[in-house]
Amino acid sequence: RCGASSTFFLLADPAHELDGPAEEQYERLRPRLVQTLLDAGAEVGLHGSYSAADDAGRISAEKETLEKLAGSVQGQRYHFLRLDPHRNLGQLEAAGFAYDSTLGFSDALGFRAGIAHPFRPWDFDREAPRDLVEVPLAAMDVTLSAERYLGLSASEADERLRALLDWAAENGGGFAVLWHSEQYDSALLPGWDRLYKRLIEEVQQRGGICLQAGALAEEARAWLS
């Protein structure tokens, strides 16, 4: 309805306590969830589990598990933003991912690599850019709302997001914004569902577009080659 399209990162094999509760219910509902997203034209990506950040075999297995339901999975994001550019990007390339969208701050808005658009991370072993495209994460709802981070109200968060979009409109940028599903619960977190809708509108008012992470990564690959 807003003229936007999203990527939904789904856990494929939760095993750690930090992967969330109700594992059996989630496993039962996941096929229907994947089909609902695909029917709506959304992109399905892998939400690499907490343990997968430390286990190349697990990240590959999780990708294969999700692909049995969703078909080809091109992108992923590590749980709890557990990306280490020196340590666990190579396993994503080896697993066949085209892009990652984990690199960001948990406690601040902005660009962890100092780059405001997709880029190819450096392979420190080969001393060359990786084939993998990184779609930088510039803002996350939990960063804005959680007391352990910025602890902002929805209206205060709106101001921060507007400033980020103003900068992007002036300087150019293409990046990810992460919004967790529970933030759409207006009873649990009043105002945050409406804030996300306003964010989409603010992007469009500045001449920007909201598209899937995979589409942005594919578009960037053409000029990153």
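What you see is a predicted model; the values in this text were computed from it and never measured.
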Might you point out which heavy atoms bring S5 and G41 nearest each other, and give the distance in Å?
-> OG-O, 4.0 Å
Taking all non-hydrogen atoms of both residues, which atom of T143 and which atom of A108 are closest, and how far apart?
-> CG2-N, 3.3 Å
With a 4.5 Å cut-off on side-chain heavy atoms, are [Y] and [X] touching?
X	Y	result
T102	L137	no
L33	F8	no
W179	D193	no
P136	I115	no
V135	F119	no
R148	V142	yes
H47	Q76	no
F111	L164	yes

Say whether, by atom type as modelled, one donor and one acceptor occur between the side chain of [X] and the main chain of [Y] under 3.5 angstrom.
X	Y	answer
R198	E201	no
Q91	A52	yes
Y78	N88	yes
H16	L18	yes
R160	L144	no
E218	A215	no
Q35	R30	no

Does [X] pair with [Y] as a salt bridge, N-O distance under 4.0 Å?
X	Y	answer
E62	R58	yes
R120	E134	no
R206	E202	yes
D158	R162	yes
R221	D131	yes

Start with the C-alpha distance between L132 and D123, add both sets of side-chain angles, then the distance that settles side chain to side chain contact (heavy atoms under 4.5 Å, CB included), and finish with yes or no.
-> CA-CA 10 Å; L132 185 82; D123 185 332; over 6 Å; no
Should the ring pair Y50 and H79 be called parallel, tilted or perpendicular, given that the plane angle runs from 0 to 90° and is split at 30 and 60?
-> perpendicular
Aromatic plane relationship, F9 with Y99 - under 30° parallel, 30 to 60° tilted, over 60° perpendicular | perpendicular
Any link between [X] and [Y] through a network of hydrophobic side chains (Ile, Leu, Val, Met, Phe, Trp, Tyr) touching at under 4.5 Å?
X	Y	value
Y149	L199	no
L92	L224	no
L83	F105	no
L11	V44	yes
L178	Y196	no

Would L37 and E43 satisfy side chain to side chain contact (heavy atoms under 4.5 Å, CB included), going step by step from the backbone distance to the final call?
-> CA-CA 7 Å; L37 293 172; E43 179 188 13; over 6 Å; no
Between W223 and H117, is the gap from one ring center to the other below 6.0 Å?
->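 Centroid distance W223-H117: below 6.0 Å, so yes.
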Compute the ring centroids of F124 and H86, then answer whether they are less than 6.0 Å apart.
->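 Here the rings of H86 and F124 have centres that are less than 6.0 Å from each other.
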Could you walk me through whether V203 and L165 pass the side chain to side chain contact (heavy atoms under 4.5 Å, CB included) check?
-> CA-CA 7 Å; V203 169; L165 295 182; 3.8 Å; yes
side-chain hydrogen bond (donor to acceptor under 3.5 Å, both in side chains) evaluation trace for T65 with E67 | CA-CA 5 Å; T65 296; E67 287 183 329; over 6 Å; no
Answer yes if the side chains of Q212 and T7 hold a donor-acceptor pair under 3.5 Å, and no otherwise.
-> no
Taking atom types as modelled, is there a side-chain donor on S49 or S51 under 3.5 Å from an acceptor on the other?
-> no
Atom pair CG/CE of L109 and M140 - distance to nearest 0.5 Å = 9.5 Å
Report the C-alpha distance between L10 and Y26 in whole Å, list the side-chain angles of each, state the deciding distance to 0.1 Å, and finish with yes or no for side chain to side chain contact (heavy atoms under 4.5 Å, CB included).
-> CA-CA 10 Å; L10 305 182; Y26 180 65; 3.6 Å; yes
Report, as yes or no, whether the 6.0 Å neighbourhood of atom CD on E182 holds more than 12 heavy atoms from other residues, nucleotides or ligands.
-> yes
Check against side-chain hydrogen bond (donor to acceptor under 3.5 Å, both in side chains), S101 and R77 = CA-CA 5 Å; S101 186; R77 173 181 289 130; 3.2 Å; yes
